[in-house]
2 protein chains.
Amino acid sequence: MEELVRPNINTTPVELMPDFQFALSVDCVIFGYDEGVLKVLLIESDLPAYKGQWSLLGDLLRPDEDLDEASYRVLRERTGLTDMFLEQVKTFGAVNRHPAGRVLTTAYLALVNVKDYQLKKKENALQWKPVSEIQAMAFDHRLILDTSLTVLQRKIQEEPIIFNLLEKKFSLRDLQHVFEQILGVEFDRRNFRKKLFTTGLLTDVNEMEQQVRHRPGRLYSFNQKAYEQIKRKTFVGLQF
Amino acid sequence: MEELVRPNINTTPVELMPDFQFALSVDCVIFGYDEGVLKVLLIESDLPAYKGQWSLLGDLLRPDEDLDEASYRVLRERTGLTDMFLEQVKTFGAVNRHPAGRVLTTAYLALVNVKDYQLKKKENALQWKPVSEIQAMAFDHRLILDTSLTVLQRKIQEEPIIFNLLEKKFSLRDLQHVFEQILGVEFDRRNFRKKLFTTGLLTDVNEMEQQVRHRPGRLYSFNQKAYEQIKRKTFVGLQF
DNA sequence: CTGAATTGTGTACTTTGTACATTATATATC
DNA sequence: GATATATAATGTACAAAGTACACAATTCAG
């Protein structure tokens with residue numbers, strides 16, 4: 001308890017220079033849904049310690065850059081996308097997590113439409129890897145991926161963000177399949193339909209699937225306006 | 001797009017020294033429930049820029065210290081508590097958030113039993129402030145507090161963490177009241193009871209409230225073991 | 001003994017979730 | 001153009017959970 005009165009950054013003017021010795025990075029966990037499979041965008045590491053292993057897309061934070069802006073920049077530079085779902089997940093601060101020194105990293109979760117991305121993709125070293133097939137990763141990136149996936153599983157049940165993984169117009173089958181892929185469960189098709197329709201968040205765009213070799217389904221779009229209306233009535237209820 | 005092939009911390013061995021120029025801190029949002037009111041533990045800032053304003057309890061991250069460990073240390077040093085609910089909330093990284101330079105901070109949410117705390121409290125500059133009465137705060141601490149409160153509201157509905165704010169033995173009235181304080185809603189007393197009993201998480205300790213000037217209620221404790229049993233059955237359902 | 005405050009209990013009703021089967025429509029193949 | 005294949009679209013019965021609501025019982029204070 002002798003440290004109780006120790007000078008403190010929040011309360012006392014102290015000489016801070018010796019404390020400015022950390023590096024910060026952002027790492028983006030970029031999820032995409034492609035050919036019925038949940039994938040994440042990875043890059044091969046060239047660092048000696050992790051030669052050939054897969055790592056997340058990240059970069060060092062710049063001295064005059066907001067943390068959130070850094071994650072956005074990484075997304076923009078690497079994928080060319082400028083408008084995507086992007087949200088901070090967590091900061092990983094184990095002492096020896098990076099071989100170059102004390103580098104802490106803040107993980108960001110991004111949801112992109114793979115179809116959009118493919119149009120602008122330029123970098124060959126990047127690869128969409130099915131989440132279920134990923135084994136070892138560089139650094140603590142496996143931990144970061146697992147953490148982000150858990151956050152994603154929670155969030156898609158609480159907010160209608162899953163539509164960011166699909167094209168503007170989608171079939172109910174696709175929508176159900178993304179949910180099932182991410183949550184690792186199966187829903188009854190008829191009850192899923194009923195549930196989604198009663199949310200009032202789907203707009204029937206009066207178009208049908210094309211080029212499927214079976215009866216085509218209707219296409220829907222996510223009704224953002226309807227969601228803005230209802231989301232104020234915050235859900236309150238215990239569910240543990 | 002010219003930056004696509006820029007050397008990158010995850011993929012390329014680069015000289016990192018010039019990048020190690022950030023300071024990191026942790027700030028703890030310590031919630032307590034006292035006399036029917038949700039409070040947060042604050043300290044007056046002595047920094048010239050924020051003289052006399054309230055700030056969260058925080059400290060700089062040390063060079064060889066895990067981020068999570070730093071938050072735990074702050075709690076221990078300031079309150080004497082060594083065993084409390086403590087969880088990372090978010091990292092705040094606006095460029096000018098600290099007058100001393102580029103200091104990013106990671107916020108941690110702590111839930112403590114005020115009764116436990118009072119036994120060990122030594123530091124006078126600390127004060128429990130009712131959350132509803134807090135106005136301006138130093139730095140971006142108001143934003144951090146608001147963010148943490150929102151996270152708290154979500155989490156108490158998803159996990160039985162609220163018991164960390166109460167004593168080991170508590171009445172159903174107390175339990176309901178903490179929920180209502182944090183969520184800002186009122187529950188029907190009878191339905192709340194029914195709901196809590198059906199969770200199977202309450203153990204009747206066969207004791208009654210003491211020194212209340214009305215019919216005393218039974219006391220219960222949180223059944224951690226029962227929770228471990230049921231929490232594996234992860235809830236899956238859409239609720240937006 | 002009475003009033004004040006709060007506990008403890010139960011029922012009817014509404015809403016939501018779950019299980020489950022049949023007909024309809026498009027494409028591919030023969 | 002008939003048939004097989006695949007999936008769309010729909011509805012009902014039942015179970016579970018949530019909501020609204022009223023009354024008797026217990027303790028304390030005066």
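Numbered from 1 within each chain, the chains take letters A, B, ... in sequence-line order. These numbers come from the heavy atoms of this one structure, side chains and all, not from hydrogens, waters or symmetry mates.
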Under 3.5 Å between N/O atoms: give me all the protein pairs with nucleotides 8-11 of chain C, atom names plus distance.
| residue | atom | partner | partner atom | Å |
| --- | --- | --- | --- | --- |
| dG8(C) | OP1 | Arg218(B) | N | 2.9 |
| dG8(C) | OP2 | Arg193(B) | NH2 | 2.4 |
| dG8(C) | N7 | Arg189(B) | NH1 | 3.0 |
| dG8(C) | O6 | Arg189(B) | NH2 | 2.9 |
| dT11(C) | O4 | Lys194(B) | NZ | 3.2 |

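- Although no hydrogens or angles enter the test, the distance criterion places no donor-acceptor pair under 3.5 Å between the side chain of Arg189(B) and the main chain of Leu172(B).
- Within the model, atoms OG1 of Thr79(A) and CG of Asp116(A) stand 10.0 Å from one another, a figure rounded to the nearest 0.5 Å.
- Outside the 6.0 Å centre-distance limit, the rings of Phe85(A) and Phe31(A) are not counted as a close aromatic pair.
- Arg97(B) places a side-chain heavy atom less than 4.5 Å from the side chain of His141(B).
- Separating the CD atom of Glu186(A) from the P atom of dC20(C) is a distance of 15 Å, rounded to the nearest angstrom.
- In this structure, a donor-acceptor pair under 3.5 Å is absent between the side chains of Gln153(A) and Gln157(A).
- Between Leu219(B) atom CG and dT7(C) atom C1' there is a gap of 12 Å when expressed in whole angstrom units.
- Rounded to whole angstrom, the span from the CZ atom of Phe235(B) across to the C1' atom of dG17(C) amounts to 10 Å.
- Separation of the Phe240(A) and Tyr227(B) ring centroids does not fall under the 6.0 Å cut-off.
- Listed for the Lys169(A) side chain is no donor-acceptor partner under 3.5 Å among the backbone atoms of Val205(A).
- Of all nucleotides listed (dT27(C), dT7(C), dG18(D)), dT27(C) comes nearest to the side chain of Arg213(A).
- When rounded to the nearest whole Å, the span between CG of Leu202(A) and C1' of dA9(D) equals 15 Å.
- Within the 4.0 Å cut-off from OP1 or OP2 of dG17(C), at least one side-chain nitrogen or oxygen of Lys195(A) is found.
- Across its full length, the helix from dC1(C)-dG30(D) to dC30(C)-dG1(D) shows an angle of 10° between the axes of its 5 terminal pairs at either end, rounded to 10 degrees.
- For the pair Gln239(B) CD and dA17(D) C1', the interatomic distance rounds to 14 Å; values are reported in whole Å.
- At whole-Å resolution of the value, CG in Leu175(B) and P in dT6(C) are 17 Å apart.
- In this structure, Phe163(B) has its ring center at least 6.0 angstrom away from the ring center of Tyr220(B).
- Between Phe192(A) and Phe179(A), the ring planes are perpendicular. Angles over 60° get that label, and only those under 30° would be called parallel.
- The CD atom of Gln210(B) sits 16 Å away from the C1' atom of dT6(C) (whole-angstrom rounding).
- With rounding to whole Å, His177(A) atom NE2 is found 11 Å from dT7(D) atom P.
- In terms of position along DNA chain C, the nucleotide closest to Arg173(B) lies nearer the 5' end than the nucleotide closest to the other residue of the pair Val236(B) and Arg173(B).
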